[in-house]
Amino acid sequence: QDFSESFKWYNAAAAQYDSTAQYKLGLMYNAGEGTAQDFMEGLRWLHLAADQDFADAQASIGDAHYFGLGVTENLVEALKWYQLASEKGEQHGQYMLAHMLLNGEGAAADPEKALNLFMLSAEQGYASSQYQLGTIYEEGKHTKKDLKEAYRLYRLAATQGDTDAQVAIGNMHYYGKGVSENYSEALKWYFLAGEADDGGAQLSIGFMYNFGQGLNVDFEKALKWYKLSAEQGIVAVRPLIADLYLYGNGVEQSNKKAYMWYSLAANDGDQEAMASKNLISKKMSKDETDQAALMIKDCFNSDYNKCFW
């Protein structure tokens with residue numbers, strides 16, 4: 001896509017006070033598309049569009065204040081802009097306003113109002129609201145628990161590519177929650193999310209290969225998916241990787257690598273991993289534990305991309 005050409009045309013139209021062009025130009029500055037990234041310049045154009053009551057721009061200004069993009073993070077100011085966008089029926093503004101009111105950010109918590117806003121946004125097809133509303137019905141928080149409605153909402157979001165919703169559907173089938181337990185159906189949804197780089201889904205796929213749930217045991221494929229999950233920073237996958245190395249399942253047995261992964265899990269408070277790490281250390285020489293310590297450092301500093309697979 002030729003962003004520089006789009007930038008040129010939006011810039012020309014924005015100079016003629018076209019609110020859509022001003023909004024698009026603001027987004028391009030924020031994303032660094034067709035121009036150098038500049039949040040402050042992006043915010044200036046968003047304000048020009050918002051001054052013409054352009055609801056999408058108002059919601060984006062809310063994002064700037066909520067996430068601190070080009071301005072100091074300010075939840076009260078973010079709430080104000082989301083409110084303006086929400087009053088015009090803008091889906092993202094409704095979602096973010098609901099999120100803030102549910103959690104008491106920028107104002108006192110108001111779960112009833114938050115629920116109504118999630119519903120308004122979900123009814124317009126906004127996937128994030130559909131997913132969030134699904135979790136509310138699944139957990140029975142702030143409303144009566146309704147697994148059937150949760151599943152319906154998750155499906156609506158999942159078919160739009162929302163990976164959180166895809167994992168939620170997978171979990172409902174895996175545990176038989178509101179639907180029949182069905183590993184094959186769970187895997188279908190986990191694969192959709194996992195192939196879109198959802199670390200939790202990748203962990204679930206690896207686990208099911210590891211233990212032969214819904215498919216044949218395949219330790220090599222388990223490790224492949226565990227690795228992807230680990231690179232996403234999923235803590236729960238670390239002791240599972242350690243187990244593969246400890247027992248030589250699908251890999252060459254390695255106390256050092258098992259020690260490394262148990263240590264990485266233990267560093268995040270996994271007490272069982274700590275016990276396993278201490279047990280393995282008794283079978284290792286000082287040189288081996290020193291080498292493992294360097295491996296741990298390198299793995300951690302590389303964001304789990306260089307972990308001596």
Would you mind reporting whether Leu264 and Tyr304 have side-chain heavy atoms less than 4.5 Å apart?
-> yes
Closest contact, heavy atoms only, Leu203 versus Ala236 | CD2-CB, 4.0 Å
Taking atom OH of Tyr10 as the centre, report whether more than 12 heavy atoms of other residues, nucleotides or ligands fall under 6.0 Å from it.
-> no
Glu252 atom CD, neighbour heavy-atom count above 12 within 6.0 Å = no
Got a sec, which residues hit ring pair (Phe, Tyr, Trp, His ring centres under 6.0 Å) with Tyr174, two or more places apart in sequence or on another chain?
-> Tyr183
If you look at every heavy atom in Ala186 and His173, which pair is closest and at what distance?
-> N-CB, 3.8 Å
With hydrophobic residues grouped by side-chain heavy-atom distances under 4.5 Å, do Met96 and Val71 end up in a single group?
-> no
Lys286: partners by salt bridge (charged side-chain N to carboxylate O under 4.0 Å, His left out), with sequence neighbours left out | Asp290
Quick one: list whatever passes ring pair (Phe, Tyr, Trp, His ring centres under 6.0 Å) with Phe207, sequence neighbours left out.
-> Phe211
Could you give all pairs that pass the salt bridge (Lys or Arg N to Asp or Glu O under 4.0 Å) test and reach residues 58-83, with sequence neighbours left out?
-> Glu77-Lys80
Using a 4.5 Å cut-off on heavy atoms from C-beta on, say whether the side chain of Leu46 contacts that of Asn30.
-> yes
If you look at every heavy atom in Ala13 and Ala21, which pair is closest and at what distance?
-> CB-CB, 3.5 Å
How long is the gap from CH2 on Trp261 to CD1 on Ile241, to the nearest 0.5 Å?
-> 4.0 Å
Partners of Gln124 by side chain to side chain donor-acceptor pair (under 3.5 Å), sequence neighbours excluded?
-> Gln94
Distance col, row Asp270:CG vs Lys277:NZ, nearest 0.5 angstrom, shows 12.0 Å
Pairs meeting criterion side chain to side chain donor-acceptor pair (under 3.5 Å) with involvement of residues 12-25, two or more places apart | Gln22-Gln52
Would you say Leu115 and Leu101 are hydrophobically clustered, going by side-chain heavy atoms of ILVMFWY under 4.5 Å?
-> yes
Should we count CD of Glu87 as having more than 12 external heavy atoms under 6.0 Å?
-> yes
Please, which pairs that meet salt bridge (Lys or Arg N to Asp or Glu O under 4.0 Å) have at least one residue in residues 90-118, sequence neighbours excluded?
-> none
Counting only N and O atoms by type, is there a donor-acceptor contact under 3.5 Å from the side chain of Ser129 to the main-chain atoms of Gly125?
-> no
Would you say the side-chain atoms of Gln58 pair up with the backbone N or O of Trp81, donor to acceptor, closer than 3.5 Å?
-> no
Correct closest heavy-atom pair for Ala78 and Gly62 would be CB-O, 3.4 Å
Exceeds 12 heavy-atom contacts within 6.0 angstrom, atom CG of Asn216 | no
Determine yes or no for a side-chain-to-main-chain donor-acceptor pair under 3.5 angstrom, with Asn11 supplying the side chain and Phe7 the backbone.
-> no
Mind checking whether Gln202 and Val237 have side chains closer than 4.5 Å, heavy atoms only?
-> no
Does the pair His99 and Tyr66 meet the rule for a side chain to side chain contact (heavy atoms under 4.5 Å, CB included), with working shown?
-> CA-CA 11 Å; His99 172 80; Tyr66 187 87; 3.3 Å; yes
Reported CG-to-OG distance for the pair Leu120 and Ser86, which is rounded to 0.5 angstrom = 7.0 Å
Looking at residues at least two apart in the chain, or sitting in another chain, which of them share a salt bridge (charged side-chain N to carboxylate O under 4.0 Å, His left out) with Glu139?
-> Lys141
Min side-chain heavy-atom separation Leu27-Ser60 under 4.5 Å = yes
For Lys177, all residues meeting side chain to side chain donor-acceptor pair (under 3.5 Å), sequence neighbours excluded | Glu138
With a cut-off of 3.5 Å and sequence neighbours excluded, list every side-chain donor-acceptor pair involving residues 242-251.
| from | atom 1 | to | atom 2 | distance (Å) |
| --- | --- | --- | --- | --- |
| Asp243 | OD1 | Tyr262 | OH | 2.3 |
| Tyr245 | OH | Trp309 | O | 3.0 |

Please report, to 0.1 Å, the donor-acceptor pairs under 3.5 Å made by any side chain of residues 219-235, with sequence neighbours excluded.
| from | atom 1 | to | atom 2 | distance (Å) |
| --- | --- | --- | --- | --- |
| Tyr226 | OH | Asn210 | ND2 | 2.8 |
| Ser229 | OG | Gly199 | O | 2.9 |
| Gln232 | NE2 | Asp197 | O | 3.4 |

Does the Ser263 side chain pair with the main chain of Tyr259, one donor and one acceptor, at a distance under 3.5 Å?
-> yes
Do the side chain of Gln130 and the main chain of Ala122 share a donor and acceptor less than 3.5 angstrom apart?
-> yes
Lys283 side chain near Glu288 side chain, heavy-atom distance below 4.5 Å | no
Check: Gly32 main-chain N/O paired with Thr35 side-chain donor or acceptor under 3.5 Å | no
Within a strict 4.5 Å, meaning less than it, do heavy atoms of the Arg44 and Tyr29 side chains meet?
-> no
More than 12 heavy atoms from other groups under 6.0 Å of CZ on Phe191 = yes
pair Pro239-Glu272: side-chain heavy atoms closer than 4.5 Å | no
Nonpolar side-chain network containing Trp189, other nodes, edges under 4.5 Å | Tyr131, Leu147, Tyr151, Tyr154, Ile169, Met172, Val179, Leu192
Can you list the steps and then say if Arg152 with Leu156 is a side chain to side chain contact (heavy atoms under 4.5 Å, CB included)?
-> CA-CA 6 Å; Arg152 184 188 74 84; Leu156 290 172; 3.4 Å; yes
Min side-chain heavy-atom separation Glu149-Leu153 under 4.5 Å = yes
